[in-house]
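The structure presented is a predicted model; accordingly, all values stated were derived computationally and were not measured.
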Amino acid sequence: MKNETHKDCCGNMFPDSLHLKDNVPNEGKVLTVWMKTPQGSVLPVHSDRSVEINYDQWEECQKCADFESCYKLSMAKIALESAVASQ
């Protein structure tokens, strides 16, 4: 369902943590997660996990009229994704 009062990016500061892919950037509007798996590994092991911050985009987001609402929605989504992932 499309919401006409918010931008398409609203609530998407973080990547979808339920569907993180290995060895590619998992991008949100502001934050990117890397889940690096050693080449040839058959085990579900990540040798390196990292988070990158797009500071330019963060500055742009803070200027947006919907920043407070977007931030709260982004945090709510990540909290729910964390709860779902732990089940």
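Residues Phe14 and Tyr55 share a hydrophobic cluster, clusters being chains of Ile/Leu/Val/Met/Phe/Trp/Tyr side chains in contact below 4.5 Å.
Legend: residues meeting side chain to side chain contact (heavy atoms under 4.5 Å, CB included) with Val24, ordered by chain and number and at least two apart, are Lys21. With sequence neighbours excluded, the residues forming a salt bridge (charged side-chain N to carboxylate O under 4.0 Å, His left out) with Glu60 are Lys63, listed by chain and number. Remark: Asn23 pairs with no residue by the side chain to side chain donor-acceptor pair (under 3.5 Å) rule, at least two apart or across chains. Remark: Asp16 engages His19 in a side chain to side chain donor-acceptor pair (under 3.5 Å) (not counting sequence neighbours).
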Stepwise side-chain contact (heavy atoms from CB on, under 4.5 Å) check, Asn54 with Leu31: CA-CA 6 Å; Asn54 182 330; Leu31 298 161; over 6 Å; no
Worked check of side-chain contact (heavy atoms from CB on, under 4.5 Å) between Thr32 and Val51: CA-CA 6 Å; Thr32 298; Val51 173; over 6 Å; no
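Note that CD of Gln57 is 11.0 Å distant from CD of Glu27, once rounded to the nearest 0.5 Å. Thr37 OG1 to Asp48 CG: the interatomic distance, rounded to the nearest 0.5 Å, is 10.0 Å. Rounding to the nearest 0.5 angstrom, the gap separating the CD atom in Glu59 from the SG atom in Cys64 is 13.5 Å.
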Name every donor-acceptor pair, under 3.5 Å, that has one atom in a side chain of residues 67-81 and the other anywhere in the protein, sequence neighbours excluded.
{"residue": "Ser74", "atom": "OG", "partner": "Gly11", "partner atom": "O", "Å": "3.4"}
{"residue": "Ser74", "atom": "OG", "partner": "Met13", "partner atom": "N", "Å": "3.3"}
{"residue": "Ser74", "atom": "OG", "partner": "Cys70", "partner atom": "O", "Å": "3.0"}
{"residue": "Lys77", "atom": "NZ", "partner": "Gly11", "partner atom": "O", "Å": "3.2"}
{"residue": "Lys77", "atom": "NZ", "partner": "Asn12", "partner atom": "OD1", "Å": "2.7"}
{"residue": "Glu81", "atom": "OE1", "partner": "Ser17", "partner atom": "N", "Å": "3.0"}
{"residue": "Glu81", "atom": "OE1", "partner": "Ser17", "partner atom": "OG", "Å": "2.7"}

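For the pair Asn26 (side chain) and Trp34 (backbone), a donor-acceptor distance under 3.5 Å is absent.
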